[in-house]
Amino acid sequence: MNRILITGGAGFLGSHLCDSLLEKGADVVCVDNFFSGDKDNIRHLFTHAYFELIRHDIIHPLFLEVDEIYHLACPASPLYYQHNPIKTVKTSVMGTINMLGLAKRIKARILLASTSEIYGDPTAHPQPESYWGNVNPIGPRSCYDEGKRVAETLMMNYNRQNKVDTRIARIFNTYGPRMAINDGRVVSNFIVQALRGEPVTVYGDGSQTRSFCYVSDLIDALIMTMDKEDFTQPVNLGNPTESTILELAEKIIKLTKSSSKIVRKPLPSDDPARRCPDISLAKEKLGWQPKTDLDEGLIETIAYFRERLDVKKR
Ligand code: NAD
Ligand code: UDP
């Protein structure tokens with residue numbers, strides 16, 4: 001069976017990917033520096049015979065023998081990636097060079113966890129893979145957006161120049177259990193606020209949209225993208241059902257039966273106004289589309305946070 005390296009394996013998505021690949025019989029090596037990840041996300045795997053954990057920062061080279069690399073290491077929440085923007089760029093650029101260098105040397109297939117953020121504040125709607133994006137190269141989000149754009153550039157060039165077998169997954173907003181309580185992204189913020197009976201913080205007038213994908217659907221899509229032969233072009237992975245942020249806040253208050261009120265906070269600069277994936281390519285090439293609707297996914301996620309907050313209180 002395959003030996004698989006997952007960078008960022010202690011994070012939200014990475015830890016679910018560790019679970020799924022181990023269930024499929026793979027031998028998994030998880031590499032993480034725990035900047036935004038948490039040992040609690042993978043603690044249940046510590047006694048698994050085919051799981052290994054290495055604390056390592058991917059801006060430094062790494063030498064291992066594996067068959068596949070899922071390259072997820074990078075903080076994904078604006079709160080975390082803006083904390084040390086220079087480090088975020090280094091993680092995307094130097095980290096991706098290191099992982100591509102490793103993939104080249106050991107002839108491993110490598111998948112990059114890219115992002116819908118490479119489209120910036122899009123002028124095309126919904127966004128197909130052929131859209132080149134509208135990114136502010138000097139704004140507060142650019143350490144992440146431009147970092148990922150360079151990471152995509154590196155993937156394509158290692159493929160063309162060095163024949164590295166690459167995959168690029170452009171992930172749209174994904175949520176679910178194991179997001180950190182203080183992650184700062186909208187779904188976890190709203191659920192934690194609603195469960196604590198605190199004000200639910202809508203930035204701006206809440207008319208901006210996002211399209212939320214449940215984690216299990218996204219993990220299936222990542223594995224299908226990796227396993228697809230001759231598939232080096234970028235592919236959008238996400239749920240095309242679009243909601244405004246205000247609708248999301250109202251839905252979460254209702255599902256948690258919370259007495260929380262909505263409060264307005266200033267809209268962060270360069271916050272994209274609309275985001276929705278065109279997933280025609282994933283449907284056609286992978287036969288994939290999300291199965292979990294927003295209510296269903298939120299109910300699972302609320303149950304997770306309810307439990308986490310109870311444990312913290314004890
Ligand atoms: P996360 O912050 O929970 O996980 C990222 C993991 O990478 C963490 O465990 C962190 O400690 C680790 N990490 C960060 N910098 C590192 C470094 N220099 N060396 C080693 N490890 C490092 O975020 P996530 O939501 O799980 O996102 C995982 C990947 O998917 C990221 O690359 C992100 O850009 C991408 N992505 C996620 C979403 C989403 O909605 N969740 C959307 C688009 C793209
Ligand atoms: N947002 C919000 N309140 C919060 C956190 C986020 O209104 O407490 C908004 C944010 O301004 C953005 C949307 O929710 O318009 C999604 O934000 P998130 O940070 O989750 O993801 P991204 O902006 O990177 O898509």
Who are the side chain to side chain contact (heavy atoms under 4.5 Å, CB included) partners of [X], not counting sequence neighbours?
{"X": "R149", "answer": "I118, V135, E146"}
{"X": "R275", "answer": "S116, E117, Q127, R141, F172, N173, R210, P272"}
{"X": "S15", "answer": "N41, I42, R178"}

Give every residue pair that meets the ring pair (Phe, Tyr, Trp, His ring centres under 6.0 Å) criterion with at least one member in [range], sequence neighbours excluded.
{"range": "residues 228-277", "result": "none"}
{"range": "residues 64-91", "result": "F35-Y80, Y81-Y144"}
{"range": "residues 175-228", "result": "Y175-Y214"}
{"range": "residues 262-293", "result": "none"}

So, does [X] use its side chain to make a donor-acceptor pair with the main chain of [Y] at under 3.5 Å?
{"X": "S77", "Y": "D183", "result": "yes"}
{"X": "N134", "Y": "D121", "result": "yes"}
{"X": "T7", "Y": "L72", "result": "yes"}
{"X": "S260", "Y": "E198", "result": "yes"}
{"X": "R170", "Y": "E129", "result": "yes"}
{"X": "S142", "Y": "G139", "result": "yes"}
{"X": "K163", "Y": "R160", "result": "yes"}
{"X": "N2", "Y": "D67", "result": "no"}
{"X": "E152", "Y": "I168", "result": "no"}

Mind checking what makes salt bridge (Lys or Arg N to Asp or Glu O under 4.0 Å) contact with [X], not counting sequence neighbours?
{"X": "R264", "value": "none"}
{"X": "E68", "value": "none"}
{"X": "E23", "value": "none"}
{"X": "D57", "value": "K87"}

Tell me if the OH atom of Y50 is crowded by more than 12 foreign heavy atoms within 6.0 Å.
no
Check whether the side chains of Y119 and N236 place a donor and an acceptor atom closer than 3.5 Å, and report yes or no.
yes
Show every donor-acceptor pair shorter than 3.5 Å between a side-chain atom in residues 244-253 and any protein atom, with sequence neighbours excluded, or say none if there are none.
residue	atom	partner	partner atom	Å
T244	OG1	E247	N	3.0
E247	OE1	T244	N	3.0
K251	NZ	D295	OD1	2.6

